[in-house]
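If you're wondering where the values come from, they're calculated on a predicted model, not measured in any experiment. Order of listing sets the numbers, starting from 1, for every ligand and every atom in it.
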Amino acid sequence: MGVWGRLVRSEELFERAKRLMPGGVNSPVRAFQPYPFFTKRAYGSRLLDVDGNEYIDYCMAYGALLLGHAHPRVVEAVRAQLENGSLYGTPSEQEVELAELICEVVPSAEMVRLVTTGGEATMSALRAARGYTGKRKILKFEGCYHGAHDSVLVKAGSGATTFGVPNSLGVPEEVGRNTIVVPFNDAGAFEAAVKAHRADLAAVIVEPVIGNIGLVLPQEGFLETLREVTEAYGVVLIFDEVITGFRMALGGAQEYYGVTPDMTTLGKVLGGGFPIAAFAGREEIMRIIAPEGKVYQAGTYSGNPISVTAGLATLKYLRQSGRDLYAELSAKCQAIVEPLKVAVADAGLNLQVSHVASMFQLFFTEKPVYDYASVKTADAARYMRFHNSLLREGVFLPPSQFETCFISAAHSSADLDKTVEYIFSILERGVVN
Ligand SMILES: Cc1ncc(COP(=O)(O)O)c(C=O)c1O
């Protein structure tokens with residue numbers, strides 16, 4: 001009998017998986033105690049597991065699925081493209097169309113290179129910035145996650161924080177030494193660090209809204225400070241919009257906050273559920289990429305016609321829907337967080353409710369959350385009790401206090417109402433105290 005009572009097949013699969021794959025999974029964030037459910041199908045706002053249980057999904061593949069699972073527009077476009085081949089190894093017309101669309105809607109994008117994963121995008125953007133400036137060091141913020149490559153696996157969020165390895169083994173010390181880490185939302189510490197390292201500082205990389213230690217918003221003026229200081233010292237400012245791109249607004253966080261970086265990394269929503277990512281930026285910087293320039297970057301699956309087709313279908317749908325869709329997504333998020341905020345204020349619930357656009361997270365702490373240290377005051381075990389109780393009711397939140405919940409266009413008001421009802425019932429029953 002499965003521990004959850006009704007996850008029998010998932011438990012069996014996890015036992016088999018653990019013998020074959022480290023931790024039984026292919027990405028650490030998917031593992032949780034005592035074992036994760038295994039998904040068989042996904043549609044709209046729902047996941048269906050191998051035991052036949054259905055869940056309202058607020059993980060949405062860690063933010064990738066803004067339109068929901070298996071959106072008909074995306075499915076149809078990809079199905080048609082499959083008949084015409086899945087990988088060409090030559091340029092295609094669709095790539096040009098997608099590049100045009102990205103450069104049209106993302107304020108900082110004058111030129112773009114398509115890659116396959118968000119980690120590849122940040123790795124390449126950082127290399128481009130180093131090549132462009134001829135400098136070695138980069139600056140990142142504590143708790144920001146930029147993918148699983150050496151120079152950014154320092155004080156990293158997401159699974160690295162959940163599993164207690166924000167500084168991974170296997171990253172050579174000399175690589176780590178070139179990564180300067182500063183607390184998020186600390187404009188003074190940031191300016192001082194840039195000044196101190198200016199002779200050798202190539203780039204500043206930041207998630208404009210952190211989605212990888214739960215959800216942490218930039219305080220007023222913080223992003224503007226990043227822009228002013230980097231400009232003053234000739235440092236390349238990279239917004240890692242792998243989560244926020246096309247989600248906070250069509251033009252991402254940079255459109256939402258009105259701050260334009262030099263370079264931007266994109267992924268997740270861009271592919272509508274297919275593997276594609278991109279880095280983009282000022283033409284002068286982007287022309288340093290091979291074969292035009294001397295910074296090497298390449299990939300067999302870069303700009304593959306399946307992912308590009310899915311991306312085009314997604315972005316065209318988003319452009320066509322315009323601001324109405326973003327207003328609708330934001331209203332859906334409000335439908336979940338507003339009753340909670342009222343309860344926190346009126347009943348003194350020991351919670352922080354963080355939200356913006358179609359993203360939210362609850363933190364089990366009495367302290368306001370604004371950076372890595374304040375987020376770490378949250379009781380991660382309590383969050384998991386809350387998570388597991390919701391799972392039993394058929395609601396799937398990301399399985400870590402240090403991840404973010406995502407709303408999609410496919411979530412119905414009935415989904416949202418049910419979710420709020422379950423959340424209150426769990427909190428009232430004191431299950432998570
Ligand atoms: C902000 C941010 N950057 C980069 C990445 C890495 O993307 P990928 O997992 O596609 O390599 C992630 C993944 O969660 C992310 O949230």
Side-chain angles (χ1 to χ4, degrees), residues 25-31 58-66 106 113-127 129 138 140-163 165-166 168 179 184 203-218 223 226 237-248 252-254 256 261 263-280 297 299 301-302 304 307 310-311 314 356-359 361 372 375 398-400 402-406:
V25 290
N26 282 311
S27 192
V29 292
R30 296 176 201 164
Y58 291 96
C59 186
M60 281 290 148
Y62 293 88
L65 300 160
L66 187 63
V106 179
R113 165 69 50 98
L114 300 178
V115 296
T116 308
T117 68
E120 202 187 344
T122 60
M123 182 179 75
S124 309
L126 288 167
R127 186 180 300 146
I138 62 160
K140 77 178 280 290
F141 293 90
E142 222 178 344
C144 284
Y145 178 72
H146 304 294
H149 56 92
D150 286 2
S151 56
V152 290
L153 268 185
V154 183
K155 297 265 177 80
S158 188
T161 286
T162 303
F163 296 101
V165 281
S168 173
T179 302
F184 192 71
V204 168
I205 186 165
V206 65
E207 288 183 75
V209 168
I210 311 187
N212 283 293
I213 44 170
L215 184 70
V216 172
L217 273 54
L223 297 176
L226 301 190
L237 178 62
I238 305 170
F239 274 10
D240 180 355
E241 296 229 40
V242 166
I243 287 181
T244 52
F246 313 108
R247 177 171 280 280
M248 293 191 66
Q254 53 199 271
Y256 190 96
M263 297 187 81
T264 301
T265 54
L266 300 160
K268 301 210 181 204
V269 173
L270 170 62
F274 286 77
I276 189 167
F279 62 100
Q297 193 286 324
Y301 290 96
S302 297
N304 75 78
S307 297
T314 306
V356 68
S358 53
M359 306 183 273
Q361 185 55 298
Y372 185 76
V375 157
S400 167
F402 308 114
E403 299 289 349
T404 289
C405 302
F406 296 98

Next item on the list: Taking all non-hydrogen atoms of both residues into account, name the closest pair between Ser400 and Gln361 and its distance.
Entry: O-NE2, 3.7 Å
Margin query: Determine whether Met248 and Val356 satisfy the following criterion, side-chain contact (heavy atoms from CB on, under 4.5 Å), listing intermediate values before the conclusion.
Written below: CA-CA 8 Å; Met248 293 191 66; Val356 68; 3.8 Å; yes
Contact table, ligand 1 N/O with protein N/O, distance under 3.5 Å:
{"from": "ligand 1", "atom 1": "3 (N)", "to": "Tyr145", "atom 2": "O", "distance (Å)": "3.4"}
{"from": "ligand 1", "atom 1": "3 (N)", "to": "Asp240", "atom 2": "OD1", "distance (Å)": "3.3"}
{"from": "ligand 1", "atom 1": "3 (N)", "to": "Asp240", "atom 2": "OD2", "distance (Å)": "2.6"}
{"from": "ligand 1", "atom 1": "7 (O)", "to": "Gly119", "atom 2": "N", "distance (Å)": "3.4"}
{"from": "ligand 1", "atom 1": "10 (O)", "to": "Gly118", "atom 2": "N", "distance (Å)": "2.8"}
{"from": "ligand 1", "atom 1": "11 (O)", "to": "Gly118", "atom 2": "N", "distance (Å)": "3.4"}
{"from": "ligand 1", "atom 1": "11 (O)", "to": "Gly119", "atom 2": "N", "distance (Å)": "2.8"}
{"from": "ligand 1", "atom 1": "14 (O)", "to": "Lys268", "atom 2": "NZ", "distance (Å)": "2.8"}
{"from": "ligand 1", "atom 1": "16 (O)", "to": "Asn212", "atom 2": "ND2", "distance (Å)": "2.9"}

Check: Going through the checks in order, is the side-chain contact (heavy atoms from CB on, under 4.5 Å) test met by Phe406 and Leu66?
Finding: CA-CA 8 Å; Phe406 296 98; Leu66 187 63; over 6 Å; no
Can you list, pair by pair, the side-chain donor-acceptor contacts under 3.5 Å of residues 265-279, counting residues two or more places apart and other chains?
{"from": "Thr265", "atom 1": "OG1", "to": "Asp240", "atom 2": "OD1", "distance (Å)": "2.9"}
{"from": "Lys268", "atom 1": "NZ", "to": "Tyr62", "atom 2": "O", "distance (Å)": "2.9"}

Notebook entry, point to check: Under the side-chain contact (heavy atoms from CB on, under 4.5 Å) criterion, do Ile138 and Ser151 qualify, and how do the steps go?
Noted result: CA-CA 8 Å; Ile138 62 160; Ser151 56; 4.3 Å; yes
Margin query: For Thr244 and Tyr256: C-alpha separation, side-chain torsions, deciding distance, then whether side-chain contact (heavy atoms from CB on, under 4.5 Å) applies.
Written below: CA-CA 10 Å; Thr244 52; Tyr256 190 96; over 6 Å; no
